[in-house]
**Q** 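What follows is a single structure, and I will ask about it in a moment.
This is a predicted model, so every value here is computed, not measured.
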Amino acid sequence: MSPGEGHEVATLGGGCFWCHQPIFQEVRGVEKVVVGYSGGHVKNPTYEEVCTGTTDHAEVFQVTFDPDVVSFEELLKVFFSVHDPTTLNRQGNDVGTQYRSIVLYANEQQKLEAERFIKELDDSQSHSDPVVTEVKPLGEFYAAEDYHRKYYANNPYQPYCQALIPPKLRKVHKQFAELLKSHGKGN
């Protein structure tokens with residue numbers, strides 16, 4: 001995805017992409033959130049292929065944002081608060097390399113900011129274990145199949161979504177109200 005003029009793209013993965021899309025859609029300055037796959041070696045992978053763990057892709061989400069409204073660092077703060085960056089290839093009951101914690105940077109500045117942020121997390125000992133989030137250059141991003149897009153909006157009562165997404169949304173509303181469209185200075 002190429003961002004519009006004055007916009008940037010952040011590509012992040014921390015478990016099931018369904019869980020992150022509704023959160024980041026609420027952040028002011030975010031224009032678009034697209035779920036998909038990146039970080040692997042197979043061209044145009046399908047969800048089923050990614051789930052086998054043989055493609056090396058992670059389930060990720062790509063955020064197009066206006067850096068004059070929300071910074072990459074602010075996006076990282078939200079991202080690291082809504083997943084466990086200390087578990088290798090797993091988030092809760094979701095296990096496999098496709099669920100790994102990953103930052104796929106679009107430029108050198110994002111790389112440096114992500115590495116600094118992770119170091120600060122480790123130095124602060126805010127987690128009982130070290131952060132294992134990968135920081136890699138963004139390669140190809142493949143948008144997920146149509147049925148994955150806006151999954152939570154289209155399936156709000158699906159049991160998996162109900163168990164995982166509302167608690168994350170409540171946490172973000174409590175911790176980051178100033179960053180949200182509904183609480184902040186507009187989009």
Side-chain angles (χ1 to χ4, degrees), residues 1-3 7-25 27 30-65 67 71-119 121-122 127 129-152 160 164-165 168:
M1 163 190 332
S2 57
H7 287 76
E8 293 183 26
V9 171
T11 306
L12 309 165
C16 178
F17 48 30
W18 296 341
C19 295
H20 295 282
Q21 186 175 33
I23 292 164
F24 282 85
Q25 286 173 321
V27 176
V30 169
E31 297 291 322
K32 178 168 38 171
V33 182
V34 178
V35 297
Y37 318 107
S38 194
H41 63 272
V42 173
K43 289 188 180 289
N44 299 308
T46 65
Y47 179 71
E48 290 74 19
E49 289 172 328
V50 171
C51 285
T52 67
T54 60
T55 70
D56 292 329
H57 288 89
E59 285 191 17
V60 298
F61 56 100
Q62 220 172 43
V63 179
T64 302
F65 66 101
S71 69
F72 182 67
E73 181 178 5
E74 288 170 319
L75 294 176
L76 290 176
K77 286 178 184 176
V78 173
F79 172 63
F80 279 98
S81 77
V82 294
H83 83 289
D84 183 351
T86 68
T87 55
L88 186 62
N89 300 329
R90 123 177 261 143
Q91 288 296 309
N93 291 329
D94 292 332
V95 179
T97 56
Q98 69 271 27
Y99 300 115
R100 68 191 180 271
S101 178
I102 190 166
V103 175
L104 295 155
Y105 57 87
N107 55 50
E108 192 66 20
Q109 184 63 35
Q110 284 186 358
K111 175 187 178 187
L112 295 172
E113 286 185 51
E115 289 172 342
R116 180 182 47 75
F117 192 88
I118 291 168
K119 183 179 181 332
L121 275 180
D122 276 336
H127 295 86
D129 294 313
V131 172
V132 295
T133 304
E134 285 183 58
V135 178
K136 292 175 51 173
L138 175 63
E140 283 293 321
F141 170 82
Y142 301 98
E145 297 82 352
D146 285 345
Y147 69 95
H148 290 296
R149 299 177 194 173
K150 299 183 182 176
Y151 191 85
Y152 180 61
Y160 180 90
L164 296 176
I165 298 171
K168 290 176 188 257

**Q** Relative to the ring of H20, is the ring of F79 parallel (under 30°), tilted (30 to 60°) or perpendicular (over 60°)?
**A**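 Tilted, since the angle between the ring planes falls between 30° and 60°.
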**Q** Side-chain contact test, heavy atoms from C-beta onward, threshold under 4.5 Å: evaluate it for C16 versus Q91 and give yes or no.
**A** no
**Q** Under the 3.5 angstrom rule, does the side chain of H41 hit a backbone N or O of T55 as a donor-acceptor pair?
**A** yes
**Q** What's the shortest heavy-atom distance between Y142 and N44, and which atoms?
**A**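 In this case the closest contact between Y142 and N44 is CE2-N, 3.2 Å.
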**Q** Is there a side-chain contact between T133 and F80, using heavy atoms and a 4.5 Å cut-off?
**A** yes
**Q** Is there a side-chain contact between V30 and L75, using heavy atoms and a 4.5 Å cut-off?
**A** yes
**Q** T11 and side chain to side chain donor-acceptor pair (under 3.5 Å): which partner among Q110, K136, Q62?
**A**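 When Q110, K136, Q62 are each tested with T11, the side chain to side chain donor-acceptor pair (under 3.5 Å) holds only for Q62.
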**Q** Please report the interatomic distance NZ(K119) to CG(L121), rounded to the nearest 0.5 Å.
**A** 11.5 Å
**Q** Looking at T87, is its backbone amide N or carbonyl O close enough to the side chain of D129 to form a donor-acceptor pair, meaning the two atoms are under 3.5 Å apart?
**A**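 A pair under 3.5 Å: no.
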**Q** State, with a plain yes or no, whether a side-chain heavy atom of L12 is found less than 4.5 Å away from one of F61.
**A**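 Yes. Closest side-chain heavy atoms under 4.5 Å.
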**Q** Picking from V103, L104, I102, what satisfies side-chain contact (heavy atoms from CB on, under 4.5 Å) with E134?
**A**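 When side-chain contact (heavy atoms from CB on, under 4.5 Å) is applied between E134 and each of V103, L104, I102, only I102 qualifies.
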**Q** Working to the nearest 0.5 angstrom, can you tell me the gap between R116 CZ and K111 NZ?
**A** 14.5 Å
**Q** Test your reading of the model: is there a side-chain donor-acceptor pair from T86 to the backbone of P130, 3.5 Å cut-off?
**A** no
**Q** Could you verify whether a donor N or O on one side chain and an acceptor N or O on the other, from D94 and Y160, lie under 3.5 Å apart?
**A** yes
**Q** Answer yes or no: is there a side-chain heavy-atom contact under 4.5 Å between Y151 and V35?
**A** no
**Q** Using a 4.5 Å cut-off on heavy atoms from C-beta on, say whether the side chain of V82 contacts that of C19.
**A**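 Of all side-chain heavy-atom pairs linking V82 with C19, none is under 4.5 Å.
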**Q** With a sphere of 6.0 Å drawn around NZ of K168, does it hold more than 12 non-hydrogen atoms of other residues, nucleotides or ligands?
**A**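 Enclosed: over 12 neighbouring heavy atoms sit under 6.0 Å from NZ of K168.
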**Q** Would you say that Q25 contacts Y152 through its side chain, given a criterion of any heavy-atom pair below 4.5 Å between the two side chains?
**A** no
**Q** First locate atom CD of E113, then atom CD1 of I118, and finally report the distance between them rounded to the nearest 0.5 Å.
**A** 12.0 Å
**Q** Does atom CG of N107 have more than 12 heavy-atom neighbours from other groups under 6.0 Å away?
**A**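 Yes, CG of N107 has more than 12 neighbouring heavy atoms, counting only those of other groups under 6.0 Å.
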**Q** Do Y105 and P137 come close enough that some side-chain heavy atom pair is under 4.5 Å?
**A**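 Touching, per the 4.5 Å side-chain cut-off.
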**Q** Going from CD on Q21 to CD1 on I165, what distance comes out if it is rounded to the nearest 0.5 angstrom?
**A**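 The CD1 atom of I165 is 9.0 Å from CD of Q21, to the nearest 0.5 Å.
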**Q** How far apart are the closest heavy atoms of D56 and R100, and which atoms are they?
**A**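 Here D56 and R100 meet closest at O-NH2, 2.7 Å.
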**Q** Check this for me, if you would: do D146 and R149 make a salt bridge, where the nitrogen-to-carboxylate-oxygen distance has to be below 4.0 angstrom?
**A** yes
**Q** Where do E145 and T46 come nearest, in terms of heavy atoms and distance?
**A** OE2-CA, 3.2 Å
**Q** Which word best sums up how the rings of H148 and Y47 line up, parallel for under 30°, tilted for 30 to 60°, or perpendicular for over 60°?
**A**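 Correct class here is tilted.
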**Q** Between E140 and S38, what is the shortest heavy-atom contact and its length?
**A** O-OG, 2.7 Å
**Q** I'd like to know if the side chain of E8 and the backbone of F72 have a donor-acceptor N/O pair within less than 3.5 Å.
**A** no
**Q** When you measure from the side chain of E31 to the backbone of T64, do you find a donor-acceptor pair of N or O atoms at a distance under 3.5 Å?
**A**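 Checking the backbone N and O of T64 against the side chain of E31, no donor-acceptor pair under 3.5 Å is found.
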**Q** Can you tell me how far CD of Q98 sits from CD of E49, rounded to the nearest 0.5 angstrom?
**A** 12.5 Å
